[in-house]
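Take a look at the structure below.
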Amino acid sequence: MSNIRAIRGMNDILPGATPYWQYLEQTVADLLARYGYGEIRLPVVEQTELFKRSIGEVTDIVEKEMYTFDDRNGESLTLRPEGTAGCVRAAIQQGLLGVPQRLWYSGPMFRYERPQKGRQRQFHQIGVEAFGIATADMDAELVLLSARLWRQLGIEDCVELQLNSIGSLAARDAYRSALVDFLGQHREALDADSQRRLESNPLRILDSKNPDTQALLDGAPTLANYLDDESRADFEQLCELLEAAGVAYVVNPRLVRGLDYYNKTVFEWVTDRLGAQGTICAGGRYDGLVEQLGGRSTPAVGFAMGMERLVLLLEESGALAGREPAVDVYVISAGAGAHRAALAAVESLRTDMPDTTFLQHTGGGSFKSQLKKADKSGARLALIWGEDEVAAGTVTLKPLRDSGGERRPQQTVPTGQLQATLQGAIANEIE
RNA sequence: GUGGCCGUAGCUCAUCAGGUAGAGCACCGGAUUGUGGCUCCGGAGGUGGGGGGUUCGAGACCCCUCGGCCACCCCA
């Protein structure tokens, strides 16, 4: 194929889908504003080192999924594979962390992965981060906020909240040793992937999809028994707050997150409607990251939601079904004089009727073909300028949609009364 | 990175024991010299993803390659 095509996994989002995106983005932006979060806009490219130090050197993301290249000055840069690192970098660099901060951002992320349903190489996230508050009420706020979002989007019945605590760094280290000890004794019972993970990231074995591995884990030490007191207390408090607020959750003791910077609370919103990539939103605490990246020690918690996955859910749930047609009035004209008159008149109507959509026919053609286009456009009304109308100083207003099975007659309107008649006709159509 | 399935008209798909392609929808025009939706008639549209091989002959068989979907892995 010699034609230039889009990069694999980097998709065009077409006009058929963008209404879902706009609806989703607008809903999220409004909701975050109501909770007092401020939007921060961040670069798509950062120093490679930022991601290595935050996400973790041995994670798959850093080892084999980053789009990394040398800038012209030889500096190694990377297309961001996630948003938290850049947000933390900006918060430190811009001195935002002297007081608690509630921030959000949105935009494309990049990971070199094999595309499948709900996963692409350029994907979009909205991320929410709260800095400076160590207590579990902050975690709860984020969960409540996300729960409200699903309700507002009408997908609350499709999603489930899973919670866990992975404890302090020390607690996790102790548990990791215990888990490796245990699994090491059953190495031959592990699948190849899990044997590999035993070296690279043993905690990830916990959420293996392999049934045999899961069965083996039934006898393994559990993370909960290794939690430090503070993590346990904070987790209990979070659960109490969620119960008090009426948010249902499932404690998943095998829920661990893939990025190194998490500690204590982790959570995921999952759905069973999207195939294998069912996590639509996930996050947790990362109290050590700010300091790790050179800032003053600052507790933090955040999450990110996958926009493509949410759009898929919205489409499936029919959230936007029954929307009104995009076009109100289709404008038809034939003959050079009539075309000039129509263009000028419609511009004037657009000024006076800012909420009405006018689609001006372009490219000529017979009345018949123009009417066909008008019908296809879904417009409710057509305005027709022809030589007769121009000579008489009138316009023809033709309803295109039946009313209760009745076809409605067109009418000839003097130009001076066009706007009033049109407004009346539109009001009549909307009834 | 691994595996399965799949690439034929703009879209959804046929055809076929290997004899150089068809339908529906969409599009354009006409029946209606200025009027859409229904109907009828006609038209345009394809180097059968690309390359190589087998063959008198390949969309069909073989190999390679590119791409798509789904799953593993990973993760939003």
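Just so we're on the same page: letters track the sequence lines, and every chain starts at 1.
Contact annotation: the side chain of A:Asn11 never approaches that of A:Phe123 to less than 4.5 Å [non-hydrogen atoms, C-beta and beyond]. Looking at A:Leu313 and A:Thr271, their side chains come closer than 4.5 Å, going by heavy atoms from C-beta outward. For the pair A:Asn201 and A:Val256, the minimum side-chain heavy-atom distance is 4.5 Å or more. You'll find the side chain of A:Val390 stays beyond 4.5 Å of the side chain of A:Arg340, heavy atoms only.
A:Ala282 comes within 4.0 angstrom of sugar-phosphate atoms only, judged by non-hydrogen atoms across all strands, and of no base. Counting any heavy atom pair closer than 4.0 Å across all strands shown, A:Glu63 reaches no nucleic acid atom. Residue contacts shown for A:Leu400 include a base, since a base heavy atom lies under 4.0 Å away. Residue A:Glu268 is out of contact with every strand shown, counting any heavy-atom pair closer than 4.0 Å. At the heavy-atom level, A:Arg401 lies under 4.0 Å from base atoms of the strands shown. At a threshold of 4.0 angstrom between heavy atoms, the contacts of A:Arg114 include nucleobase atoms, whether or not backbone atoms are also involved. Nucleic acid contact class of A:Ala304 (heavy atoms, under 4.0 Å, all strands): sugar-phosphate only. Using a 4.0 Å heavy-atom criterion, one finds that A:Ile126 contacts no nucleic acid atom at all.
In terms of phosphate contacts, A:Gln277 brings no side-chain nitrogen or oxygen within less than 4.0 Å of OP1 or OP2 of B:rC75. In this model, the phosphate group of B:rC74 is approached by a side-chain N or O of A:Arg197 to a distance below 4.0 Å at OP1 or OP2. Phosphate proximity of B:rG1 to A:Lys64: absent, as no side-chain N or O sits under 4.0 Å from OP1 or OP2. Contact annotation: A:Arg8 does not reach the phosphate of B:rC66 (side-chain N/O to OP1 or OP2, under 4.0 Å). Within the structure, a side-chain polar atom (N or O) of A:Gln116 is placed less than 4.0 Å from OP1 or OP2 of B:rC72.
By the 30° and 60° cut-offs, the orientation of the rings of A:Tyr286 relative to A:Tyr262 is perpendicular.
Considering only the side chain of A:Lys398, B:rG36 comes nearest among B:rG36, B:rG67, B:rC74. For A:Lys117, whose side chain is taken as the heavy atoms from C-beta onward, the closest listed nucleotide among B:rA76, B:rC70, B:rC74 is B:rC70. Nearest nucleotide to the A:Arg5 side chain, out of B:rC72, B:rU35, B:rG67: B:rG67. Looking at the side chain of A:Arg204, the nearest of the listed nucleotides B:rC69, B:rC75, B:rA71 is B:rC75.
Only the P atoms considered, B:rA23 is 14 Å distant from B:rG45, to the nearest whole Å.
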Kindly give the atom pairs (protein nitrogen or oxygen, nucleotide nitrogen or oxygen) under 3.5 Å for nucleotides 27-29 of chain B.
| unit_1 | atom_1 | unit_2 | atom_2 | d |
| --- | --- | --- | --- | --- |
| B:rC27 | OP1 | A:Lys376 | NZ | 2.8 |
| B:rC27 | OP2 | A:Lys376 | NZ | 3.1 |
| B:rC28 | OP1 | A:Lys373 | NZ | 3.3 |

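Remark: A:Arg121 qualifies as a cation-pi partner of A:Tyr112 under the 6.0 Å distance and 45° angle criteria applied to the six-membered ring.
In this structure B:rG43 sits in a base pair with B:rC27, meeting the Watson-Crick or G-U test at under 3.5 Å.
At a cut-off of 3.5 angstrom, counting only N and O atoms as typed in the model, there is no donor on one side facing an acceptor on the other between the side-chain of A:Gln370 and the base of B:rU35. For A:Arg119 and B:rC73, a side-chain-to-base donor-acceptor distance below 3.5 Å is present, hydrogens and geometry of angles not being considered.
Defined by atom type and a distance below 3.5 Å, a donor-acceptor pair is missing between the side-chain atoms of A:Gln411 and A:Thr396.
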